[in-house]
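Note sheet for the following structure.
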Amino acid sequence: MIIPISELSEDALYGLVEAFVLQEGTDYGEQEFTLEQKVNHVIVQLKSGQALIEFSELHESVNIIPAQT
């Protein structure tokens, strides 16, 4: 199930994205980004529709996924 970001408070959205960024372990290449920059980048993707928040009822978990084009 896709959760609209409008259903989350700003604090809840930030906390969810921060947890996602901390667990994902992506290498950002030559340029280093702070945690806050990474979180803001993901939030921009969520607000623009490039990424979605997915809740799995089966696993009772939340994940951020790319939007399908």
Side-chain angles (χ1 to χ4, degrees):
M1 168 179 17
I2 301 301
I3 306 296
I5 62 171
S6 61
E7 297 292 316
L8 302 174
S9 69
E10 286 294 318
D11 288 341
L13 178 62
Y14 190 91
L16 175 69
V17 173
E18 183 178 53
F20 171 77
V21 168
L22 288 171
Q23 76 177 358
E24 52 117 77
T26 299
D27 180 9
Y28 284 80
E30 293 179 21
Q31 188 173 4
E32 299 257 344
F33 292 96
T34 66
L35 175 61
E36 187 165 342
Q37 288 172 316
K38 292 176 187 179
V39 169
N40 288 331
H41 185 243
V42 174
I43 289 174
V44 166
Q45 290 180 329
L46 288 166
K47 288 183 176 181
S48 71
Q50 296 174 348
L52 303 169
I53 300 171
E54 178 184 55
F55 174 71
S56 169
E57 293 177 9
L58 176 63
H59 298 104
E60 296 182 354
S61 64
V62 177
N63 196 15
I64 296 175
I65 59 171
Q68 305 233 344
T69 55

**Message:** Going by the rule side chain to side chain contact (heavy atoms under 4.5 Å, CB included), which residues pair with Val62 if we only count those two or more places apart in sequence or in a different chain?
**Reply:** Leu16, Ile53, Phe55
**Non-hydrogen atoms of Ser48 and Gln45 that approach each other most closely** = OG-O, 3.2 Å
**Asked** Can you hop from Ile5 to Val44 via hydrophobic side chains spaced under 4.5 Å?
**Response** no
**Asked** Is it the case that more than 12 heavy atoms not belonging to Glu36 sit under 6.0 Å from its CD atom?
**Response** no
**Message:** The criterion is side chain to side chain contact (heavy atoms under 4.5 Å, CB included); which residues satisfy it with Ser56, sequence neighbours excluded?
**Reply:** Leu58, His59, Ser61
**Request:** Go through the structure and list residues passing side chain to side chain contact (heavy atoms under 4.5 Å, CB included) with Glu10, not counting sequence neighbours.
**Result:** Lys47
**Message:** What's the separation between atom CG in Leu13 and atom CD1 in Ile3, rounded to the nearest 0.5 Å?
**Reply:** 12.5 Å
**Fill in**
Residues passing the side chain to side chain contact (heavy atoms under 4.5 Å, CB included) test with Pro66, sequence neighbours excluded, are none
**Asked** With side chains defined as the heavy atoms from C-beta onward, is the minimum distance between Lys38 and Phe20 less than 4.5 Å?
**Response** no
**Message:** Connecting only ILVMFWY residues whose side-chain heavy atoms lie within less than 4.5 Å of each other, what is the rest of Leu52's hydrophobic cluster?
**Reply:** Ile2, Ile65
**Request:** Quick one: closest heavy-atom pair of Leu35 and Glu18, and the distance?
**Result:** CD2-OE2, 3.5 Å
**Prompt:** If only atom types and distance count, is the side chain of Gln37 paired as donor or acceptor with the main-chain N or O of Thr34 below 3.5 Å?
**Reply:** yes
**Prompt:** Closest approach of Gly49 and Ala67, non-hydrogen atoms and distance?
**Reply:** O-CB, 3.0 Å
**Message:** Under the rule for side chain to side chain donor-acceptor pair (under 3.5 Å), what residues qualify as partners of Ser6, not counting sequence neighbours?
**Reply:** none
